[in-house]
Structures are given as structure tokens and as C-alpha cells.
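Here's the structure we're looking at; comments come further down.
Because only heavy atoms are used, hydrogens play no part in the values below, and waters and symmetry mates are left out as well, while side chains stay in.
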Amino acid sequence: MQEVQFIRCPVCGNKTRVQIRYNTELKNIPLFCPKCRQVSLINVTKFNMTVIKEPDA
């Protein structure tokens with residue numbers, strides 16, 4: 001069985017409702033945190049998450 005992990009919020013560090021496996025690749029995904037109610041744009045490759053920072057318009 002493959003290892004499954006929850007994605008953690010980059011703002012507060014709480015678990016979100018999204019689960020990923022080791023071979024999952026996500027690009028430009030809006031991640032919503034139910035605790036702090038923030039939406040972050042992320043990329044995920046092999047359990048490594050990077051936050052995409054966009055300038056405010």
C-alpha cells in the first residue's frame with residue numbers, strides 16, 4: 001500500500017482536507033484551509049510543496 005499524507009496549510013500549519021500519495025503531482029492548485037480560511041496557490045511533487053506567491057494587483 002502506498003503512503004498517503006495530508007497536505008498542511010502553509011499559513012497556519014493545520015491539516016487540510018486534501019490527501020496525496022508519493023507519485024502525485026499538482027500544479028497551480030488553490031488550497032483552502034478550513035481553520036484559517038486562507039487560500040494558497042501551491043505546487044506539489046513527491047510530497048514537496050512549494051507556495052506560489054503572486055503580486056497583489
### Task
Could you tell me which residues satisfy side-chain hydrogen bond (donor to acceptor under 3.5 Å, both in side chains) with Q5, sequence neighbours excluded, listed by chain and number?
E3

### Task
Quick one: do K46 and Y22 satisfy side-chain contact (heavy atoms from CB on, under 4.5 Å)? Show the steps, please.
CA-CA 5 Å; K46 297 183 180 179; Y22 182 74; 3.6 Å; yes

### Task
Answer with yes or no whether the hydrophobic clustering places L26 together with I52; edges join I, L, V, M, F, W, Y residues whose side-chain heavy atoms lie under 4.5 Å apart.
no

### Message
Rounded at 0.5 Å granularity, tell me how far CD1 in I7 sits from CD in Q19.
### Response
9.5 Å

### Query
When you measure from the side chain of T16 to the backbone N and O of C33, does any donor-acceptor pair fall under 3.5 Å?
no

### Query
Which pair of non-hydrogen atoms, one from R21 and one from V4, has the smallest distance, and what is that distance?
CG-CG2, 4.0 Å

### Query
Hey, any chance F47 and V44 share a hydrophobic cluster, counting ILVMFWY side chains that come within less than 4.5 Å of each other, even indirectly?
yes

### Task
Examine F32 and L41 and state if one hydrophobic cluster contains both, with Ile, Leu, Val, Met, Phe, Trp and Tyr joined whenever side-chain heavy atoms are less than 4.5 Å apart.
no

### Query
Got a second to check how far C12's SG is from Q38's CD, nearest 0.5 Å?
8.5 Å

### Task
Report yes or no: does N43 contribute a side-chain atom to a donor-acceptor pair with the main-chain N or O of N28 at less than 3.5 Å?
yes

### Message
Between P34 and R17, is there a side-chain heavy-atom distance shorter than 4.5 Å?
### Response
yes

### Query
Same cluster or not: are M49 and I20 linked, directly or through other Ile, Leu, Val, Met, Phe, Trp or Tyr residues, by side-chain heavy atoms under 4.5 angstrom apart?
yes

### Message
Using 0.5 Å steps for rounding, measure from the CG atom of L31 to the CZ atom of R8.
### Response
12.0 Å

### Message
Set out, in order, the CA-CA distance, both residues' side-chain angles and the distance that settles side-chain contact (heavy atoms from CB on, under 4.5 Å) for S40 and V11, then state yes or no.
### Response
CA-CA 8 Å; S40 303; V11 178; 4.1 Å; yes

